[in-house]
Structures are given as structure tokens and as C-alpha cells.
Amino acid sequence: MTALYNRVATVSVADRSFSFPPFSIEFTQEIKFKGPQSATLKLYNPAPETVGVFDAKPKGGGKVFPTVTVSAGYKEDSGTVILGEAFAYTLTREAQDRILEIKISDAATRWGTAMINKSYKNSSAEAIVRDICKTLNLTPGEITLGVGKFYESIVLRGFRESIAKISRDTNSDFFFKNGLLTIIPSNPNVTSIVSLDPASGLLERPEKTSYGYKIKTLFLYNLILGSVVQIKSEEVNVRAKICKVNRTFSTFGDAYCEFEVEPI
């Protein structure tokens, strides 16, 4: 594999960007099916005006949270890993450092309590999903259902339970990818397989679980939910689907990914 050296990271919010070097940047991120991404971002020794760009802006009776984009990886291989809303932050001091810690979630103002309250007749599942997104001003990403489904009549209330029902009915999984609602087949149509072995980024021994394996790799930003990997180690040779992603990245500390996978 291409040697992965020279870490890079850029945080963009409002009309400002903060990059390493010179800024020190850290983040952790969790991505799982049936929920939005969540991440905690840390910027070290920010200027007062930097802190201010993460403030929510009042709008009507509510707030508009700033949109944050984070790209990270290595000079040889990097890309967007976080795109969401900064819904809270704290500023603390640790030794000689001032640390701005920002909480980021996809669609933070809409996800949990968004209501649809619409009925559909003689409509396909995909058409309904796209109409839901339009209704709630959510941007759809990849919408590929496991199986087609036609509803003669259906009434939908809350966003979360509605997308969950359509996903169950169509043998699909859903999640948010960089701010975009994404739906993919539960049983992936394998067109691309990523080989993971000690030479291509696999770290430590795969850990057996009741549902598959837990594995640890170098920071590989492009492996996401639903990606199919071929895990090869002294103990394991198995093809599996990624079902949960935890990323840890630091410009001065550790950088790695932990995946939960299920054999396919």
C-alpha cells in the first residue's frame, strides 16, 4: 500500500479554515446504522475570534448551529470525515494549553424530534424517502434499497421511526454519511472489496465477538458503514461488512480506526 505519512487535517466553519500545520487538531467519531454520526473535535489554543465562530445564531424561536467540515488523513490519502452541526462547545485549560472542545452531530436540530405527519398512497419506498427528505430539507445521499417496496397506503409520523420502518420493509440499513441520509442494502452487492492485512493497515489481532469481529487499523478515512473488507491475518481469513466505525485522529498523538464487522 502507499506509505501513510505526513498527517493532514483541516477544519472549516463559516468562512474560516484551520489546518494542520500549524493548528493542533484532534477528534473522535462514532458512526453506526440507524443513527446520526457524532463526533468530538478539539482545537488547541484557539484565538477568541475562533471560539466565536462556533456560536449558534438565533433564528425565529430557535437556533441555527454552524456547519463544520473536517477532512483528515495523510498527505498521500485524505478526505472528508465529518460534516455536521456544532451544537455545543466548551473551552478549558489543561497545563499550558487552552482546548476548545466541540460536539458535532449530523442534522442536530432535526434528527430526534422531526415530524413528517404525511400520508402516501400508491407510492414506491424510494419515492417516499426522497419526499421525506424534501419535506424536512434534508439532503439525500446514496439511496439504494435492498428490495423494492410499493405502498398502497402508509401514514408516517416521526422521521426516525418512519425511515426505520421503510428500511425494515426493504431489507435496508440507514445512516448519515457526511450530513447526507444514506440507505444501502442490508445484504451488500459486493462490487468492491478492500483487503485488510498487516501490510495494508490491519493492526493487532482481530477480536472475535458473538456477531463477528472487532478490528483495528491505521486511520483509513474511506472505510465506512457497509464497506466490504477481506480480513487476512494469521488467525482469520474472512469477508465481512463494516457495521460500526470509531475513528480517532490526532495531529500529534494516535490516529487509527476501530471497526465492528459481520461476516458475509
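All heavy atoms count here, side chains included; hydrogens, waters and symmetry mates do not.
With respect to Thr10, the side chain to side chain donor-acceptor pair (under 3.5 Å) criterion is satisfied by exactly one of Ser19, Ser78, Ser17: Ser19.
Considering all non-hydrogen atoms of both residues, Arg157 and Ser162 come closest at N-OG, 3.6 Å. Between Ala9 and Ile25 the shortest heavy-atom distance is O-CD1, 3.9 Å. Between Ile215 and Pro206, the shortest heavy-atom contact is CG2-CB, 3.9 Å. Nearest heavy atoms, Lys241 versus Ser186: NZ-O, 2.6 Å. The two residues Ser250 and Glu26 come nearest to each other via the heavy atoms OG-OE2, 3.1 Å. Between Phe176 and Ile31, the shortest heavy-atom contact is O-CG2, 4.3 Å.
Taking NZ of Lys63 as the reference point, atom CD of Glu85 lies at 13.0 Å (rounded to 0.5 Å). Taken to the nearest 0.5 Å, the CG atom of Asp131 stands 9.5 Å off from the CG atom of Leu156.
Partners of Phe23 by ring pair (Phe, Tyr, Trp, His ring centres under 6.0 Å), not counting sequence neighbours, listed by chain and number: Phe18.
Annotation: cation-pi pair Lys216/Phe259 absent, no NZ/CZ under 6.0 Å from the ring centroid and within 45° of its normal.
Looking only at side-chain heavy atoms (C-beta outward), Ile183 and Leu145 come within less than 4.5 Å of each other.
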Side-chain atoms of residues 49-56: list all donor-acceptor pairs with protein atoms under 3.5 Å, sequence neighbours left out, distances to 0.1 Å.
from, atom 1, to, atom 2, distance (Å)
Asp55, OD1, Tyr89, OH, 2.5

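Salt bridge status for Glu234 with Arg205: absent, with no side-chain N to carboxylate O gap under 4.0 Å.
Taking the six-membered ring where tryptophan is involved, the planes of Phe249 and Phe27 are essentially parallel, since the angle between them stays under 30° and well short of 60°.
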